[in-house]
Amino acid sequence: MTLLPLLRMVGALALVLGGLAGALWAVRRFDLRLPGRIGAAPRRDRRLELVERLTVDPRRSVLLIRRDGREHLLLIAPEGHVVIEAVDPSPAAPAPAPAPTFDDLVARHAPPAPPVDRAPPKSRTPRAPRAPTRAPTRARTRAKPETTDA
């Protein structure tokens, strides 16, 4: 085997491995997922469902899962798994009130503005033109008298 085919083979291997490493980085960086099996109908009789997953950092994730109509918020970390909250969503619960707007908060907490007096503007009399002023003069410095050493 000569040097040129060997270099071609090593270069092609480097390109393939680099492409695989780039694809793995993109899948991890953008949290890409493969779709379900093509042609398979979704199962409706499942009791467990992953509603949402949020990656907190590369080692920790927060999951919202639904089991038998109850939602559970889980923290998955290398140190262990923690159930943060278990919520039983009941349809009879009232819907939460919409969040107040900034103007509502200001109107509720700010003191009332003082009344503004809207008097008509005063009429102005024209002014007489001013006499031109002299330009400011620069302060002159005196030259120091020369001293002679005798």
Side-chain angles (χ1 to χ4, degrees), residues 1-139 141:
M1 198 179 246
T2 62
L3 184 62
L4 187 61
L6 183 64
L7 286 177
R8 275 188 185 167
M9 182 179 63
V10 171
L13 179 64
L15 282 175
V16 168
L17 291 178
L20 287 175
L24 178 64
W25 173 83
V27 165
R28 288 187 174 201
R29 170 71 172 93
F30 299 110
D31 199 24
L32 301 176
R33 298 171 193 264
L34 293 175
R37 284 185 277 156
I38 298 175
R43 290 182 48 188
R44 300 283 183 211
D45 58 342
R46 286 191 170 172
R47 294 177 53 205
L48 186 64
E49 176 186 6
L50 176 64
V51 177
E52 190 172 347
R53 176 182 179 181
L54 176 67
T55 303
V56 178
D57 61 34
R59 300 177 65 192
R60 291 170 183 80
S61 296
V62 177
L63 290 107
L64 180 64
I65 63 169
R66 184 175 296 129
R67 179 190 58 87
D68 294 333
R70 294 190 62 176
E71 291 184 346
H72 302 276
L73 189 62
L74 304 172
L75 173 67
I76 307 294
E79 298 86 26
H81 313 309
V82 179
V83 176
I84 298 174
E85 183 180 14
V87 180
D88 188 12
S90 60
T101 63
F102 180 74
D103 293 334
D104 295 338
L105 292 174
V106 169
R108 188 181 318 157
H109 296 290
V116 178
D117 184 23
R118 300 278 181 185
K122 297 178 182 177
S123 63
R124 294 189 171 189
T125 58
R127 290 187 178 179
R130 288 184 157 184
T133 59
R134 287 185 7 187
T137 59
R138 287 186 166 187
T141 57

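Scope of the values below: all heavy atoms of this structure, side chains included, with no hydrogens, waters or symmetry mates.
- Contacts of Leu7 classified as side chain to side chain contact (heavy atoms under 4.5 Å, CB included), with partners at least two apart in sequence or in another chain: Leu3.
- With sequence neighbours excluded, no residue satisfies side chain to side chain donor-acceptor pair (under 3.5 Å) with Arg29.
- Applying the side chain to side chain contact (heavy atoms under 4.5 Å, CB included) rule to Leu32 yields the partners Val27, Phe30; only residues at least two apart in sequence or on another chain are considered.
- Every side chain to side chain contact (heavy atoms under 4.5 Å, CB included) that Thr101 has, sequence neighbours left out, goes to Asp103, Asp104.
- Separating the CZ atom in Arg67 from the CG atom in Leu48 is a distance of 8.5 Å, to the nearest 0.5 Å.
- If you take NE2 on His72 and CZ on Arg66, they are separated by 10.5 Å, rounding to the nearest 0.5 Å.
- Leu15 pairs by the side chain to side chain contact (heavy atoms under 4.5 Å, CB included) definition with nothing, not counting sequence neighbours.
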Donor-acceptor pairs under 3.5 angstrom involving side-chain atoms of residues 52-59: please list them, not counting sequence neighbours.
from, atom 1, to, atom 2, distance (Å)
Arg53, NE, Ser61, OG, 3.4
Arg53, NH2, Ser61, OG, 3.1
Asp57, OD1, Arg59, N, 2.9
Asp57, OD1, Arg60, N, 2.9
Asp57, OD2, Arg60, NH1, 3.2

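- With Ile65 as reference, Leu74 is the one residue of Val51, Leu74, Leu73 to meet the side-chain contact (heavy atoms from CB on, under 4.5 Å) rule.
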